[in-house]
Amino acid sequence: MAQEKIQAIRGMSDMLPSDAPLWHFFEKKAIGLANLYGYQQIRTPIVEQTRLFKRGIGEVTDIVEKEMYSFVDSLNGDNLSLRPENTASVVRACIEHNLLYDAPRRLWYMGPMFRHERPQRGRYRQFHQFGMEAMGFKGPDTDAEQLLMLNRLWKELGIAPVRLELNCLGQLEERKAYREILIRYFEEHKEILDEDAQRRLYSNPLRILDTKNPDMQDLVNNAPKLYDSLGEESKAFLSSLEDILKAEGVDYTINPRLVRGLDYYNLTVFEWVTDKLGAQGTICGGGRYDPLIGMLGGRDAPACGFAMGIERVLELMKECGVHPEERECDVYIVWDKALYLNAIGAAEKLRDAGIRVIVHSGSMKFANQLKRADASGALYALVIGSDEAAAGKVGLKALREGIAGYGEQKTLTIEEALEFVSKNI
Ligand code: ATP
Ligand code: MG
């Protein structure tokens, strides 16, 4: 009887080998730039206590209200959640291990996050983020440093230009004053508010500005601007940040409606947006979160950070025609059946020198072996045949046009072959 096939969970994908080169390319660039800017890696667990996120992200945010994978650990009754984002966890770890005790910290992370959303292009239930958190820095130089790094990353990935949208949320007091102004404005136009907006009117009115509903665009475009509620210090913070961006040639637009979903942001908020990915065009979001460390029980320290959705970035790389290739190996060994010890010995010798090798396995027909060699992307085939072996030699055949030795099969000692390959891969 045929067994029922077990499938992956909806919205949670396998990364297949065909996409591996794209992921590796991204990871190498992102980690390389994190190092270039002096950031260190941190890894936190995927499961945390639910209250970390409730407190850290805010009870009335979309994430906590309806997107979190929360469950009771049946073995001990603990309330746990799969992390929907990483900032709260990183802050928790910094407090727990006293990382900010003697110096500020520049940190980066990468890994899977989980949100129970409706799966669609660019929106998954397990997705991956790369992010940075700079803790103990007042800014705006640090805010700028992260934006410069991101601008550089888009270029290196081949997806520039991506649009930078920037806003300043001011401090809590300023936002409270604005909140009242905004509630009054929306109350006057209650008939235009959709269901989501009605629900958010008193819980999170700023988030209404973020609506994608076309029927509400006029309403939110004409809403009073947060900028007008900002004090001098907040305005000066924004303009110093703008000065650095201008001096470094980073294009941006001020989007007065950009508020971001999370409760803990202050001053700087930003998003990097592309038009090439349809509705899920925000590839990265971040900003300053000076209140968060205190909110989670640490000693107050200013901080800023961002998170990018890696799947969306990779999708954009594909849209932009970025197709990094990776060969499975440098050298593919084809061999005569009786000579398996020679083949394995040769392979290990090459690997000692850091050359990536696959020894053919499967059909021993010479033509089939060479077909597999070609498909592997290898640059060279090393031929372990009986004639060569009798003379204490191996055959070396270049597989791609344009690489050294193409067009003829060389007969060499294994040492000579190793030297030749090393020089030419
Ligand atoms: P959105 O408005 O698209 O829901 P968000 O404000 O919820 O995004 P953040 O919490 O700021 O997103 O996360 C940072 C980045 O992570 C987003 O800009 C996006 O690129 C990515 N991201 C968020 N949710 C998902 C998801 N469900 N699937 C894939 N990527 C996601
Ligand atoms: Mg979301």
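Only a predicted model underlies this, so the values are computations on that prediction, with no experimental measurement involved. Throughout, residue positions are numbered sequentially from 1 according to the sequence presented. Just so you know, ligand 1 is whichever comes first in the structure, and atom 1 is the first atom listed for that ligand.
Only backbone heavy atoms of I283 (N, CA, C or O) come within less than 4.0 Å of ligand 1; its side chain stays farther off. Using a 4.0 Å cut-off between heavy atoms, R123 contacts ligand 1 through both its backbone and its side chain. In M113, neither the side chain nor the backbone holds a heavy atom less than 4.0 Å from any atom of ligand 1.
Within a 6.0 Å sphere centred on CD of Q40, heavy atoms belonging to other residues, nucleotides or ligands number 12 at most. The local environment of NZ in K28 is sparse, with at most 12 non-hydrogen atoms from other residues, nucleotides or ligands closer than 6.0 Å.
The salt bridge (Lys or Arg N to Asp or Glu O under 4.0 Å) search around R372 returns E328, not counting sequence neighbours.
Annotation: K212 places no N or O atom under 3.5 Å from an N or O atom of ligand 1; distance criterion only. In terms of N/O distances under 3.5 Å, ligand 1 is not approached by E311. Not a single N or O atom of M308, backbone or side chain, sits closer than 3.5 Å to an N or O atom of ligand 1.
With Q129, H128, E315 as candidates, the residue nearest to atom 16 (O) of ligand 1 on a non-hydrogen basis is Q129. Nearest-heavy-atom check against atom 31 (C) of ligand 1 across W272, F127, F130 picks out F127.
Using 4.0 Å as the threshold, R115 has a heavy atom nearer than that to some atom of ligand 1.
Using a 3.5 Å distance cut-off with no hydrogens or angles, the side chains of R257 and Q217 do pair a donor with an acceptor. In this structure, a donor-acceptor pair under 3.5 Å is absent between the side chains of Y69 and Q126. A donor-acceptor contact closer than 3.5 angstrom is absent between the side chains of T211 and D196.
Atoms of ligand 1 lying under 4.0 Å from at least one heavy atom of A307, given by number and element, are 14 (C), 15 (C). Close approach of ligand 1 to G309 (heavy-atom distance below 4.0 Å) involves ligand atoms 15 (C), 16 (O), 20 (O), 21 (C).
Of all heavy-atom pairs between M308 and V313, the closest is SD-CG2, 4.0 Å.
Counting only heavy atoms from C-beta outward, the side chains of L219 and L193 approach each other to under 4.5 Å.
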